[in-house]
Asker: 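Below are the structure tokens for one structure; questions will follow.
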Amino acid sequence: MSWLIKNTIKEYRENELGGDVFPPGLRHSVAFIYPNVYHLGMSNLGMHILYQMINARGDSACERFFLPDAKLIKEHEKTRTPLLSMESMRPLSDFDVIFVMLSFELDYDNLLKVLDLGNVKLRAKDRNSREPLLIIGGPCATFNPEPLSQVADAFVIGEGEETVQRILDEIYAGDTKADRLERLCQIPGVYVPSFYEANYDEDGNFVGLVPTGKAPNKIARQWVKDIDAYPHTSVILTDKTEFEDMYIVEVARGCGRHCRFCMASYCFRKPRPRKLENILADIANRPERTKKVGLMGAAVSDHPDIKKLTTYLVEQGVSFSVASLRADTLDETMCEALANSGQRTMTVAPEAGSERMRAAINKGITEEHIYRACSLAAGAGMRNIKLYYMIGLPGEEDIDIEETVEMIKRVRKKMDEVGNKGELVISVNGFVPKPFTPYQWAPLCNVKTLKRRFKMLNDGLKKDKRIKLITESLKETVVQAILARGDRKMGDALLEAHESGQNLKSVLKMRGIDADELAERELQPGQVLPWSHLDMGVTEDYMIKELARSQEGKFTPMCFDNCTRCGVCKR
């Protein structure tokens, strides 16, 4: 075993507070992979929640795996040391079950690298009954698992608290791999891709999946009705992560805002706030080492008791940060509380710079909300403002980019007027169409157009040195787009790219496919899509209506103000 690898794991563990290590052989071994570096993976609350639940069963020992950094990857390859767990330094291939939390399309190749380093065969069909079953969950698995359908033995569709427990029960009860997969196939919210045959027409276009045996025609995503019934905090503290020694507390799930580009707004719509008394109890009982409390959720500031919660934190002298804030819910108390907790940057996401485009995406905030946020931030002592935008949204024109530039200049002017001389940071990404949203049929904006519009932003803002523009790589935007809407053929290309050491776009080119053109293709309502076998509770008819409302610039109210009866909440 490499001394460098062993010592690195030891250093990580010595910096941690919490976690469980069980004597070998007493429990079933369960690996948990986050396919990115430790620094990022340990910030993922979903991993913390499932880690606690698996260990609490009494018959399972969960151990963590992360993607090593570039230096350690070379060390693994040089010394032929297999990827080792954080808890017991046990090789990945020795485990009974492997769970994966997959949140981002750009982590697909990272997962393949982790499996390679762990001596786990990449293709599910090549792994026998003595080798671990690989179960993938998380947002990417829920919304379109097809690009990794050759890799995973099964996918968790939706939230995993209840499904993961049933998966482990059935795996432990089965003898052969075939028996275990048949058992998994009958669990609601579990998709076993080997029980479905992908069909294509004469032109090679995907036309649907055909289930075999007892596999269901549709797999319904699962969601937890009572989130207070499960763990909802981080369990391991470390100073070697994005949130240094932060105690993360989930305050709510779901989002009723209906932003038309957002999968959470359409697939996990019903807002599910945790009870205030339970949140306060978590915070009161947090470890002494905690430096700060992180309030986590899709729409934290929409929690009905958010003001009571932040008032309590201020009165108790508890430093905190908030995962997501909307400009239309900010108030003086919240801003002062955040500033007193050490926050120096106010972050707001207008998403679009023109009023027309904000109406199209159903963002529901105005420029006045942004100005007010600037004033509140300045009054509280937060010097810096960060704004998030997307370009390339469906229906966008050059004039919308021009209005974005002018809006940013007005925000800078407003900062000056309220005495805020700090930095204005503008983060801009290309819009990527995602499954199960009204924009799932939309093409990625033409790459040349995106480049030109990024240049318009840069040219319009570069004279003011107090405005910092950060933009995403367009190459990554294209890859994200083709993976987000990819089918099993895309999975073939992904595996070939990884095994050959080439990038995905090059492999597609050898197959006669232009990646940019593929990303820019427009899909049609009614067309069978790679994710059509999944049921998110929201109907295609409803999404078509929302697409029409987007094109007309019509606003859809928050669902807890005026239920739209989309079906997501089964009401």
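For reference, positions follow the sequence shown, starting with 1.
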Asker: Please determine whether a side-chain nitrogen of the Lys or Arg among Arg13 and Glu16 lies less than 4.0 Å from a carboxylate oxygen of the Asp or Glu.
Answerer: yes
Asker: If the threshold is 4.0 Å, N to carboxylate O, is there a salt bridge linking Arg27 and Glu63?
Answerer: no
Asker: Cation-pi check for Phe143 against Lys434: NZ or CZ below 6.0 Å from the six-membered ring centre and within 45 degrees of the axis, yes or no?
Answerer: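 Judged by the rule, Lys434 and Phe143 form no cation-pi pair.
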Asker: Is Arg90 positioned over the aromatic face of Phe95, cation under 6.0 angstrom from the ring centre and no more than 45 degrees off axis?
Answerer: yes
Asker: Salt-bridged, Lys71 to Asp69, with N to O below 4.0 Å?
Answerer: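 Result for this pair is no, no salt bridge flagged.
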Asker: May I ask you to decide whether Arg80 forms a salt bridge with Glu77, counting only side-chain N to carboxylate O separations under 4.0 Å?
Answerer: no
Asker: Would Arg488 pass as a cation-pi partner of Phe206, given that its NZ or CZ must be under 6.0 Å from the six-membered ring centre and within 45 degrees of the axis?
Answerer: no
Asker: Please lay out, stage by stage, how Tyr191 and Tyr196 fare under the test ring pair (Phe, Tyr, Trp, His ring centres under 6.0 Å).
Answerer: CA-CA 9 Å; Tyr191 168 47; Tyr196 295 79; 5.2 Å; yes
Asker: Flag the pair Phe66 / His39 as yes when their ring centroid distance falls below 6.0 Å, and as no otherwise.
Answerer: no
Asker: May I ask you to check whether over 12 heavy atoms, not counting those of Lys218, lie within 6.0 Å of atom NZ?
Answerer: yes
Asker: Are Arg485 and Glu105 close enough for a salt bridge, meaning some N to O gap below 4.0 Å?
Answerer: no
Asker: With the threshold set at 4.0 Å, does a side-chain nitrogen-carboxylate oxygen contact exist between Glu161 and Arg166?
Answerer: no
Asker: Atom OH of residue position Tyr172 - does it have more than 12 heavy atoms of other residues, nucleotides or ligands inside 6.0 Å?
Answerer: yes
Asker: With a distance cut-off below 6.0 Å to the six-membered ring centre and an angular limit of 45° from the axis, does Arg64 pair with Tyr38 as a cation-pi contact?
Answerer: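 No - Arg64 does not lie over the ring of Tyr38 by the 6.0 Å and 45° rule.
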Asker: Cut-off 3.5 Å, side chains only: do Asp116 and His498 have a donor facing an acceptor?
Answerer: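 Looking only at side-chain atoms, His498 and Asp116 do form a donor-acceptor pair, the distance falling under 3.5 Å.
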